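Quick caveat, the model's predicted, so the values are computed rather than measured. Whatever order the structure lists them in is the order used to number ligands and atoms, beginning at 1.
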Amino acid sequence: MRRHWQYFWLAALGWLLVSGCDGPPQVHSLSGYTMGTEWSVRLVARPGAGELGGVRQEIDAALETVNAQMSTYRESSDISRFNRLSPGERIELPAEFGKVLLAALEMADATDGAYDPTVGPLVNLWGFGPDGRRTRAPAEEEIDAARSRVGWQQLEVITREGTIELVQPGGVYLDLSSIAKGFAVDLIAERLDALGFDAYLIDIGGDMRMRGHRPDGRGWRIGIERPVPEMRAVHSVIAPGDRAVATSGSYRNFYIDDAKERSHTIDPRSGHPVPPELLSVTVLDDSAMVADALATAIMVLGPQDGYAFARARELPVLLMVLEDDMINERMTPAFAPFLAEEPR
Ligand code: ADP
Ligand code: MG
């Protein structure tokens with residue numbers, strides 16, 4: 001019952017914000033910092049809807065839900081509690097965490113473990129987790145030790161009467177960083193929908209979801225970055241419609257050791273970061289959570305297998321591949337219709 005009242009007030013607030021003031025609709029921007037990156041939300045509403053404080057509260061609450069449950073950077077989060085459990089101990093997962101974990105396990109299954117939410121020990125070992133950075137590659141023995149703790153099949157998920165329990169087999173360390181940002185985008189979209197907004201663009205560190213039109217009546221346009229570390233330039237522009245877009249890139253978060261680029265995307269099958277040829281992967285999907293995970297999954301599968309995977313599933317995917325010092329783009333047939341013809 002309390003929940004219903006909550007939605008009533010949300011709807012009332014939304015109605016005020018969307019339609020309560022005079023003048024043509026404008027784009028209002030909100031932004032902040034979360035999950036190690038920037039977030040921004042652009043909302044189309046009437047001017048003077050200036051009191052967007054209620055909206056910001058809703059966004060902050062959604063982000064807090066995700067961080068409190070799924071951030072490995074917080075010791076008190078549910079995921080960190082799970083990671084500290086002794087063999088055989090279990091926890092009941094909050095609904096959102098359960099949903100994200102099941103989606104991650106599905107992706108692991110679909111990619112035969114190229115994508116794996118238990119990759120955490122390797123991510124941390126290579127210096128891309130909460131333990132902090134490193135500048136030298138780890139020793140092979142360390143890699144082998146971390147690898148023995150990785151493997152999504154070890155996880156025992158018990159679903160019963162709408163609850164999800166997760167058993168710690170011993171030494172398993174979950175890392176949902178490749179899917180939680182996308183999920184947070186979906187959660188914010190849900191809240192904006194509930195507030196009555198029908199035009200917005202949500203972006204958390206490159207994981208985006210959009211709906212409706214800009215005030216001039218045109219749909220949202222997204223610039224896809226040219227994947228080079230030292231500059232920011234637009235490679236192509238797409239018109240995703242009411243969809244989510246996620247881009248994974250090996251060209252921003254990496255370090256160089258032994259003249260090799262060490263990316264933050266790790267291939268759990270080899271225990272090593274993915275090779276640098278595949279510069280970026282852009283995926284469109286209805287769900288930002290799925291797009292986020294797919295982008296990392298295809299990054300691990302690599303330019304050939306990743307392309308074949310996307311093609312076989314008719315996914316709209318754009319790959320940027322470094323070949324003979326040239327950046328070549330490769331897109332699936334399902335991606336082509338989203339290329340924007342008119343200027344931004
Ligand atoms: P991006 O999508 O821009 O590459 P993300 O932060 O979304 O960046 O995803 C990268 C994170 O995903 C890494 O920091 C790590 O925590 C996690 N990760 C790395 N390799 C894998 C993998 N093979 N499967 C699942 N998650 C991974
Ligand atoms: Mg991502």
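Put simply, the side chain of Ile238 reaches to within 4.5 Å of the side chain of Leu284, judged on heavy atoms. Side-chain contact between Leu155 and Val167: absent, with no pair of heavy atoms (C-beta onward) separated by less than 4.5 Å. Proximity of Glu140 to His272: side-chain heavy atoms (C-beta onward) are separated by under 4.5 Å at one or more points. For the pair Asn67/Tyr73, no side-chain contact is recorded, criterion being any heavy-atom separation below 4.5 Å from C-beta on.
Only the side chain of Val123 comes within 4.0 Å of ligand 1, counting heavy atoms alone; its backbone N, CA, C and O stay farther away. Counting heavy atoms under 4.0 Å from ligand 1, residue Ala297 does not touch it at all. Neither the backbone nor the side chain of Met299 comes within 4.0 Å of ligand 1, counting heavy atoms alone.
Within the listing of ligand 1, atoms 2 (O), 3 (O) sit less than 4.0 angstrom from a heavy atom of Thr247. Within ligand 1, the atoms closer than 4.0 Å to a non-hydrogen atom of Asp292 are 7 (O), numbered from 1 in the order shown. For ligand 1, the atoms sitting less than 4.0 Å from at least one non-hydrogen atom of Pro268 are 23 (N), numbered in the order shown with element in parentheses. Taking a cut-off of under 4.0 Å to the non-hydrogen atoms of Ser248, the atoms of ligand 1 that pass are 1 (P), 2 (O), 3 (O), 4 (O). Within the listing of ligand 1, atoms 3 (O), 4 (O) sit less than 4.0 angstrom from a heavy atom of Gly249. When each atom of ligand 1 is checked for a heavy atom of Val300 under 4.0 Å away, the hits are 23 (N). Taking a cut-off of under 4.0 Å to the non-hydrogen atoms of Asp175, the atoms of ligand 1 that pass are 15 (C), 16 (O), 17 (C).
Salt bridge annotation for Glu277-Arg330: absent, with no cationic side-chain nitrogen under 4.0 angstrom from a carboxylate oxygen.
Pairing each heavy atom of Leu319 with each of Pro303, the nearest pair is CD1-O, 3.7 Å. Here the closest non-hydrogen pair linking Asp116 and Trp152 is OD2-N, 3.2 Å.
For a distance bound of 2.8 Å, the N, O or S atoms of Asp292 include one lying that close to the Mg ion (ligand 2).
The salt bridge (Lys or Arg N to Asp or Glu O under 4.0 Å) test with Arg211 is passed by exactly one of Asp193, Asp286, Asp198: Asp193.
Here the straight-line distance linking atom CG of Leu318 with atom CZ of Phe335 works out to 4.5 Å at 0.5 Å rounding.
Checked by atom type, the side-chain pair Ser177/Asp175 shows a donor-acceptor distance below 3.5 Å.
Remark: among candidates Lys181, His264, Met107, the nearest residue to atom 10 (C) of ligand 1 is His264, based on non-hydrogen atoms. Closest heavy-atom approach to atom 21 (C) of ligand 1 among the candidates Val119, Ile204, Leu301: Val119.
In this structure, Ala295 has no heavy atom closer than 4.0 Å to ligand 1. For the pair Gly182 and ligand 1, no heavy-atom separation below 4.0 Å is found. Taking 4.0 Å as the cut-off, Thr72 does not count as a neighbour of ligand 1 on heavy-atom distance.
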